[in-house]
Number of protein chains: 2
Amino acid sequence: MNIKEASEKTGVSSAAIRYYEKESLIPPIDRTAVGNRDIDDRIIRRITFVTQMRAAGMSIENLRRYIELFDAQEDNTKEQKALLQEQLGVMEEKHGDLQAAIDHLNYKLNHFYDHMESTEQELRELERQHADKVTQKPTEDGDGLTNY
Amino acid sequence: MNIKEASEKTGVSSAAIRYYEKESLIPPIDRTAVGNRDIDDRIIRRITFVTQMRAAGMSIENLRRYIELFDAQEDNTKEQKALLQEQLGVMEEKHGDLQAAIDHLNYKLNHFYDHMESTEQELRELERQHADKVTQKPTEDGDGLTNY
DNA sequence: TTAAACCTTCATGTGTACTTCAAGGCAAGG
DNA sequence: CCTTGCCTTGAAGTACACATGAAGGTTTAA
């Protein structure tokens, strides 16, 4: 498929796909007779992988290092492990921050709700939607942003 | 406390604190007689809140809108709700992506481990550390990055 | 055969979120 | 008195991750 189809399939812009190839986040892409990129499913999967890792907050630079290590044929087991471990740490931390912020907002939303008329059900739905994910509420609402 | 102490306490640079104040992410900070910022715990909490939301992926712009709404005295209940709802959506999505990426890396790490000598215990520890957080593994390891 | 709709490379522009620099003020220690 | 070390504002610079534009090539459809 051409780059536009790949773009539509992945949700990544054509320019970004070219950029990823140049930065070696995805392998060199085969070209057609006239020099156009011919993108197969392997490349699509790689693009999707990049998208996931980017969404998870991994920088282009780290992602490139990570991929280089995995693509290399030498025995760089140790470095691979170290890099995985490092990235897992970063992601767990982000995950924690994110969860804290979500909990915080949910708490605020619930508190907020307590002081409102109960005619509007949207908030209840929202609350129900997220209820299973809220594990703990902040011990105090200390950011000074609660007017209610 | 002065801005340097606040910086050390929050892990946010002095320049960033000034920037946050200018962008109204934190309230106007009191000044001493000679014009230096005198930062109290309320400001510290605000800075921490900003840090958390930033870490969770909220943009400066959205964060400012959010804070403006909460600081305003008018009855903007509806907008506050909408903004909270919007941000919760964004964060839940990010959370999902992040979890997917973490699961992916954990799966890779486990798979990886299966093919290694069991003399090195670090990976077991890492595995143990994160085991409770891994809820599901990717159905296939389709990014082409598994050499092992 | 001419326009539309793709594509290419290379260069430059853009938005975000700060960081760094320049120029200067205040307070304490030697 | 002068250096050190903190602070101030305002302007300009930087890094990242692309987006956009220029100049041109190919293929398809009218």
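The residue among B:Asn2 and A:Tyr20 whose nearest nucleotide of DNA chain D lies closer to the 5′ end is B:Asn2. Residues B:Glu5 and B:Lys22 both approach DNA chain D. Their nearest nucleotides, taken by heavy-atom distance, put B:Glu5 toward the 5′ side.
Among the atoms of the strands shown, none is found under 4.0 Å from any heavy atom of B:Ser14. Nucleic acid contact class of B:Arg18 (heavy atoms, under 4.0 Å, all strands): base. Across all strands shown, A:Ala16 has heavy atoms under 4.0 Å from sugar-phosphate atoms exclusively, and none from any base. Contact annotation for A:Ser13: backbone-only contact, meaning every heavy-atom pair under 4.0 Å involves sugar-phosphate atoms and none involves a base.
When the P atom of D:dC18 is taken as reference, atom CD1 of A:Ile47 falls 12 Å away, rounded to whole Å. Rounded to a whole Å, the CD atom of B:Glu61 is 12 Å from the C1' atom of C:dG15. Look at CG on B:Asn62: it is 14 Å from C1' on C:dG15, rounded to the nearest Å.
Taking every side-chain heavy atom of B:Ile3 into account, D:dT8 is the closest of D:dA19, C:dC18, D:dT8. The side chain of B:Arg54 lies closest to C:dA17, out of C:dC7, C:dA17, D:dC6. The nucleotide whose nearest atom lies closest to any side-chain atom of A:Lys4 is, among C:dC7, D:dT27, D:dA19, C:dC7. Of the candidate nucleotides C:dC6, C:dA17, D:dT8, D:dT8 has the atom nearest to the side chain of B:Arg37. Of the candidates D:dT9, C:dA17, D:dC6, the closest approach to any side-chain atom of B:Arg31 belongs to D:dT9.
For the pair B:Ile60/B:Tyr19, a side-chain contact is recorded, criterion being any heavy-atom separation below 4.5 Å from C-beta on.
Taking all atoms of both residues into account, the shortest heavy-atom contact from B:Ile29 to B:Glu21 is N-OE2, 2.9 Å. The two residues B:Met58 and B:Leu63 come nearest to each other via the heavy atoms SD-CD1, 3.5 Å. Across all non-hydrogen atoms, the minimal contact from B:Ile39 to B:Ile3 is CD1-CA, 3.9 Å.
Note on A:Glu5 versus A:Lys9: no salt bridge recorded, every NZ/NE/NH1/NH2 to OD/OE distance being 4.0 Å or above.
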